[in-house]
**Q** 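Starting off with a structure, shown below.
Below, each value reflects all heavy atoms present in this structure, side chains not excepted, and no hydrogens, waters or symmetry copies. Quantities reported herein were computed from a predicted structural model and do not represent experimental measurements.
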Amino acid sequence: MKVEQISVARTGLVLGSFALASAASAQQTGNEWLSFSEDASRLVATQSLGADDTQEKDYAWGDLDQDGWTDLVVVRKQMGTSTGRRVNVLFMNENGVLTDRSTQYASASDVSGDEGFNTSTNDRDVVIVDVDMDGWDDVVTATTLSDGTPKHVSHPRVYLNLGNDAQGNWQGLLHEDARIPQLLLGNGQPSFPRFCGVDAGDVTGDGWPDLYFSDYDQGGSGGGDYNDRLLVNDGTGHFIDESNRMTTQMLQSDFGTNTQIVDLNGDGHNDIVKDSGLINQHVACSYNDPNNVGHFSLYQEPYNGAPYHATIGDVNNDTMPDLLVSDDASDAIQYNLGTDVFGRVNWSSRRTFQFASNQGDDGFGSDSYIIDLDDDGWNDIIIADVDVDIPGCSRRTHIYHNPGGAVGAQIRPVEEAQFTSSSGWKGVVGMTASDLRGTHDVATFDVDNDGDLDMVFGRCTGTEIWLSSLIEPLGDIYCPNVPNSTGLSGSIAATGSLDVSANDLTLSAGNLPQNQFGYFLTSLTPGFVALPGGAQGNLCLGGQIGRFVGQVQNSGSEGAFSISVDLTAIPVSPVAAVQPGDIWFYQAWFRDLNPGVTSNFTDGLTLQFQ
């Protein structure tokens, strides 16, 4: 058995003497990284459209009136695959209070008798985009299961933003029916499209946003088998059905639950990703032809199994878009590993999530987001739980923390949570498991303009607003270190509490080489030893140094690890308890290959306890 041992004569420290056969301890529970509190006063609407809204809800958000506050659009329908139409809601953000202004600002229409948002429609998805490029964001909806209704009810709707009047007053939204064409079946007969997803983006390269709609592939009275549709912007904010730019295979959906327009392969041209959630379940990528921009030449199915929703975003900070899939079985990420000779993405194998509390994945997921919730520079993940096809609210939304690590690593985000009778749901502090149960969609934006991301939960039981209070890392970095084999210096952070009586401290190390062993060090005395024992980094501790060798960790594929610190038993000689007023210094040591076997250190961290 090989033992890693590095002697440091100037401090008397021995940085090794541990058996590599001892496995790294499991992910620690109770690693608090977000804090939320519900604030019902931030929502003003009638009960049935707000706090007690039991309908299926989907969200889009943006600053529609350009007052510096983010507004919220809610499209609503009867739950599940149904024909039940409902009115939509425009929540204007008035100094941090989301206020229903649908009648005042979103009831206008160019169709006689139509009342805009106040007309009941069967909308399942919505996107905010400036369709006419006038500098004001507009609203586009995706409508489903409306057979036999007039075109302005059965088809997607564009709500044009009227901007300000001459006095600077916002004039609201106007539904303009002619901006979406009458969609036709293959035989030329009018269709009643059954769209479940919509996204906007320029696919033709002319600078104007186009629309892609994913279809619920199910026939009906005159509805027919319609499939997906690509609507191209004519340069005025009106759209033309030019789905013939794509192949029949690309347009086929059995249940197109969502879609995204995004540049997958970095060639500067937007591609299309969509999920098909029934029968032949898959995620499909249709690639824009760089030699004939706006036409799609390559098709790929990177994910099969039982996907129900797919989201594209950068999880591992390598600037390449990754694929997040909510699966009927286990949700997963496939990482973008670059492109092949044809320009298709080489996707990694599926990477599932970690669960710190052994709760695991509880089945169906729906709307999902890749977004940096804690403002640490690494995108986190939210997956809502309600099956949009079949009513049911028994599962919970999952919020996964991105632990960071080496850029480009195949990171496994973790649900840092636990159930305890004394402190409830940990990880995302303030929310219990029941608060996350039965959620259609989650809007993540800064409701109160304090600089962090809040959440609006559209649950089966109503709409809730949760305000964020970022959990700031504790202490100060005092000794920046040299880069390791990742090209970055190892980072160190502490979360929890500096109150000794709370005994709640977590140390985390990141930007580490993958799959290497390491552990934390501590001392009451700072110091500096350059390249001790042949290491490639600097030791920043002096005096008597304690080694957390009983909590040896492995950085895994994430290039990160963390431990919970028992403040009553700091591993110095003899074992010591932290006292109020003490200042302790921390660092982590880890093995590395750079290129041969070596070791390195993270930055140093100082903590003053209370």
**Q** With sequence neighbours excluded, tell me which residues meet side chain to side chain donor-acceptor pair (under 3.5 Å) with Asp138.
**A**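 Scan of Asp138 (side chain to side chain donor-acceptor pair (under 3.5 Å), adjacent residues dropped) gives none.
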
**Q** Using only heavy-atom distances, determine whether the side chains of His309 and Asp367 contain a donor-acceptor pair under 3.5 Å.
**A**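 Checked: His309/Asp367 side chains pair up, N/O donor to acceptor below 3.5 Å.
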
**Q** Would Asp177 and His155 count as having a side-chain donor-acceptor pair, cut-off 3.5 Å?
**A**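 No, no side-chain donor-acceptor pair sits under 3.5 Å.
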
**Q** Among residues at least two apart in sequence or on other chains, which ones pass side chain to side chain donor-acceptor pair (under 3.5 Å) with Thr311?
**A**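 For Thr311 the side chain to side chain donor-acceptor pair (under 3.5 Å) partners, ignoring immediate neighbours, are Ser368.
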
**Q** Within the side chain of Asp199, is there an N or O that forms a donor-acceptor pair under 3.5 Å with the backbone of Ile261?
**A**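 Here the side-chain-to-backbone pair exists.
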
**Q** Could you tell me whether a side-chain N or O of Arg86 sits under 3.5 Å from a main-chain N or O of Val75, the two making a donor and an acceptor?
**A**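 Such a contact is absent between Arg86 side chain and Val75 backbone.
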
**Q** Restricting to side chain to side chain donor-acceptor pair (under 3.5 Å), what partner residues turn up for Asp58, sequence neighbours left out?
**A**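 Asp58 satisfies side chain to side chain donor-acceptor pair (under 3.5 Å) with no other residue.
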
**Q** Does anything in residues 104-117 pair up under salt bridge (Lys or Arg N to Asp or Glu O under 4.0 Å), and if so which pairs, sequence neighbours excluded?
**A**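 Only Asp114-Arg157 qualify under salt bridge (Lys or Arg N to Asp or Glu O under 4.0 Å).
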
**Q** If a pair satisfies salt bridge (Lys or Arg N to Asp or Glu O under 4.0 Å) and one of its residues is in residues 368-383, list it, with sequence neighbours excluded.
**A**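 Qualifying pairs: none.
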
**Q** Taking only residues two or more places apart in sequence, or in another chain, which ones meet Tyr105 in a ring-ring contact (aromatic ring centres under 6.0 Å, His included)?
**A**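 Applying ring-ring contact (aromatic ring centres under 6.0 Å, His included) to Tyr105 gives Trp170.
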
**Q** Give a yes-or-no answer on whether the side chains of Thr143 and Asp123 include a donor-acceptor pair shorter than 3.5 Å.
**A**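 There is such a pair between these side chains.
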
**Q** Looking only at side chains, do Asn88 and Ser102 share a donor and an acceptor under 3.5 Å apart?
**A**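 The answer is no; no qualifying pair exists.
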
**Q** Taking only residues two or more places apart in sequence or in another chain, which ones pass side chain to side chain donor-acceptor pair (under 3.5 Å) with Thr204?
**A**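 Only Asp202, Asp206 meet the side chain to side chain donor-acceptor pair (under 3.5 Å) criterion with Thr204.
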
**Q** With sequence neighbours excluded, give me every side-chain hydrogen bond (donor to acceptor under 3.5 Å, both in side chains) pair touching residues 450-465.
**A**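 Pairs touching residues 450-465 that pass the test: Arg459-Glu464, Glu464-Trp466.
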
**Q** Within the distance-only criterion (no hydrogens, no angle test), does the side chain of Glu56 pair as donor or acceptor with the backbone N or O of Arg76 below 3.5 angstrom?
**A**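 No.
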
**Q** Residues two or more places apart in sequence or in another chain: which of them pass ring-ring contact (aromatic ring centres under 6.0 Å, His included) with Phe364?
**A**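 Checked Phe364 against ring-ring contact (aromatic ring centres under 6.0 Å, His included); matches are Tyr308.
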
**Q** What pairs with Arg101 under salt bridge (Lys or Arg N to Asp or Glu O under 4.0 Å), at least two apart in sequence or on another chain?
**A**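 Expected list: Glu94.
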
**Q** Would you check if there is a donor-acceptor pair between the side chains of Thr257 and Asp275 at a distance under 3.5 Å?
**A**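 A donor-acceptor contact under 3.5 Å links the two side chains.
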
**Q** Checking Phe91 now: which residues fulfil ring-ring contact (aromatic ring centres under 6.0 Å, His included) with it, not counting sequence neighbours?
**A**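 ring-ring contact (aromatic ring centres under 6.0 Å, His included) list for Phe91, sorted by chain: empty.
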
**Q** Not counting sequence neighbours, which residues clear salt bridge (Lys or Arg N to Asp or Glu O under 4.0 Å) with Asp137? List them please.
**A**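 Salt bridge (Lys or Arg N to Asp or Glu O under 4.0 Å) list for Asp137, sorted by chain: empty.
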
**Q** So which heavy atom on Lys57 is nearest to which on His440, and how close?
**A**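 Nearest heavy atoms, Lys57 then His440: O-CB, 3.4 Å.
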
